Amino acid sequence: MEFIYSLPLFSIVLSLFSGPLCMILPGKAARYYTAAFEGLLIGADCLVLARCVKAGEAITYTMGEFPAPWGNEIRFGILECLVALCFLVVLLCSVLAGWRFVVHDLDETKINLYYTLVNLLTAALLALVWTNDIFTGYVFLEILTLTSCGILIVREIGRTTLAAVRYMILNLLGSGLFLLGVVLLYDVTGHLLMVSMQEAIGILGDNQASMTVISLAVGILTIGLAIKSGLFPFHFWMPDTYGWATPTSASILSSLVSKAYIFLLIKIYYRVIGLDMLTRLPITKVLFVLGLCGMVFGSVSALRAGNINRMVAFSSAAQIGYIYMGIGIGGLAGYTAAVFHILTHAVTKSLLFLTTPRLAEVSGDTLLFKGLQGSGLRDRNAGLFFTVGSLSMVGIPIFAGFSSKLLFAGAAMEAGSPKKVIPVMLVLAVSSLLNAMYFIRTVIRIYTAGGREGEIRTRSPHRLDYNIPALVLTGANLFLGLFSWVVTDLIQRGLLIFG
Amino acid sequence: MIETLLINYEEAAAIILFGIGFTMLLFHRNLIKKLIGMNIMDTGVFLFLASMGYIEGRKPPIITDGVMDTSAYINPVPAGLVLTGIVVSVSVTAVMLSLTIRLFKRYHTLNLDDIYILSRHAEEDR
């Protein structure tokens, strides 16, 4: 086995060790260490991705060299490495750009603990993307839940604690359902490795009683993950959670944590159930309908939101709806669109959540729309970044959001049945219109002169450690928009060898 | 239907426990009782796993009398899963209890609705 194939395992294990290491480092050193370490992980992931693209196949890494039905496995192909790369880049940008806010929001003695949590969260994210064992998936799912709760409560105001409790309760319900689903599947198939499970399910396909249990198990498991990722009607915890966390946390929670759950779901569909078997189960229809509802109701809630962070958070609910709609459409095109939107939303939403606190900063620390008037003129960089994010969410050409919407429409057309095409087109149009209403309204407001003109300056207007990560995210956004074919080609090749 | 449930009474009990725990975690307003519900829910899953892994008349997979035949022993994997699950459940409970303590110190109540109202009064939207 070549050394390069061990890199994913090393990435996960080293992230796990980095957590405790940050505990003994002082705050500033922990931050530098975390940033440097994320950089290393990105490099390692790029190497693995390049190798996978060159080899054109997925690589299964058996831990301890125990063969298939017994050992634990990591499996990485083009798709996994691409998603991991996107996650790591967004993570690094969030850590760098949110630094000043972390110092401001946190107790000085707890800064290193924050980076401990970020490192553990990285390990959980990577493990969820790469694992080939469903129970390992469950364990890292819980680690992800605990660490994401941790990065939420480090900002010690009453609101975050309450938000964290509600977030945890919903997540625990989701975890419980996921565990029950996994246990049921294990009972029917007798395996925990995803590939072995699929073989067993293929044999059981003709048995009516087993199919009932499998259908039930997949339903329970899907609902569990849907609750955790905030699909309508389980999205009501989002505004409090994202709205009150420190910006780095908000960015990580909204753009990475919920996506990791969805990616695990796609992986289970592809690798455990298999797409052929999945069409026989009713659950994807449910996801399709809930996704469509989420797209509309998330946007309606965003339209009525009172402050800018709540608006962006509710917009996340709508975007999660898009992704589930893609899964509901199904087929290669549907899943390609869903994965592409995972990437789009990750780079866009993190940019928005990292920008809003800067706009608030030059407006007397208010997030209310009224106070934000003219903030884009007071902090031109932040205004520009917010505009880029908004335009991408609305779906203006050359930005990533436009490519996503095009892919969703194309996937619906390819699916062919009018029962899918008409609702998708209709809801896409309505949702885009609603998106435009609240995002463009906000952009106009932050560029309207007035408000606290000249009164408050940002604490440090031209900090490179904020501007460079934000520029990277903007660049990623434009890349996904202008060169979407490069990425969709990679995603499609990845999906073909994903199962 | 009833007959199948009676034969598989362990699984039926496990699912009922899961349901009780799930509804408690979802609907109860008292935070401590929510946590108790969560633990009942997890226990339900563990019971389900343990009962599925046990086969009547077989022994735990520890070789003492030289019998190497696998059909003499039960499957050890479910027990391993239960152990992992217990560890996860304990750590989640610990985190939730610490959060509950923090909320109680701040708001002096365990009722989630009251805490919500109090937090709205305490800190108006920025």
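Owing to the predicted nature of the structure, the values given are computational and were not obtained by experimental measurement. Just so it is clear, the values below take in all heavy atoms, side chains as well, and ignore hydrogens, waters and symmetry mates. Throughout, a chain's letter reflects where its sequence line sits, starting with A, and its residues are numbered from 1.
Remark: the backbone N or O of T161(A) is not paired with any side-chain donor or acceptor of R106(B) at under 3.5 angstrom.
Proximity to chain B is limited to the side chain of L146(A), based on heavy atoms less than 4.5 angstrom apart. Proximity to chain A (any heavy atom under 4.5 Å) is shown, for F22(B), by both the backbone and the side chain. Contact of L35(B) with chain A is not made at all, since no heavy-atom distance falls under 4.5 Å. When heavy atoms are compared at a cutoff of 4.5 Å, L192(A) approaches chain B solely by way of its side chain, counted from C-beta outward.
Per-residue counts of heavy-atom pairs under 4.5 Å with chain B were compared for L162(A), V183(A), V139(A); the largest is that of L162(A). Between chain B and the residues L170(A), L177(A), T145(A), the most heavy-atom pairs under 4.5 angstrom are made by L177(A). Heavy-atom pairs under 4.5 Å with chain A were tallied for L31(B), V45(B), D42(B); the largest tally goes to V45(B). Heavy-atom pairs under 4.5 Å with chain A were tallied for L81(B), T84(B), L25(B); the largest tally goes to L81(B). Interface summary for chain A: among V95(B), V92(B), L26(B), the most heavy-atom pairs under 4.5 angstrom belong to V92(B).
Between R159(A) and Y107(B), the closest heavy-atom pair is N-OH, 4.3 Å. Contact detail for M38(B) and L172(A): the closest heavy-atom pair is SD-CD1, 3.2 Å. Scanning both residues, L103(B) and V165(A), for their nearest heavy atoms gives CD1-CG2, 3.5 Å. The minimum heavy-atom distance linking P78(B) with Y186(A) is given by the pair CD-OH, 3.7 Å.
Residue-environment remark: CE (M23(A)) stays at or below the threshold of 12 foreign heavy atoms within 6.0 Å. Enclosure of atom CZ in F236(A) by more than 12 non-hydrogen atoms of other residues, nucleotides or ligands within 6.0 angstrom is indicated. For R58(B), the CZ atom counts as densely surrounded, since its 6.0 Å shell holds more than 12 non-hydrogen atoms of other residues, nucleotides or ligands.
Looking at I143(A) and V88(B), their side chains never come closer than 4.5 Å, going by heavy atoms from C-beta outward. Using a 4.5 Å heavy-atom threshold, the side chains of R102(B) and I153(A) count as touching. Counting only heavy atoms from C-beta outward, the side chains of W70(A) and V77(B) never approach each other to under 4.5 Å. For the pair L99(B)/C149(A), a side-chain contact is recorded, criterion being any heavy-atom separation below 4.5 Å from C-beta on.
For the atom pair CE (M41(B)) and CG (L180(A)), the distance works out to 9.0 Å, reported to the nearest 0.5 Å. The CE atom of M52(B) sits 7.5 Å away from atom CG of L184(A), with the distance rounded to the nearest 0.5 Å. One finds the CZ atom of F18(B) at 7.5 Å from the CG atom of L179(A) (value rounded to the nearest 0.5 Å).
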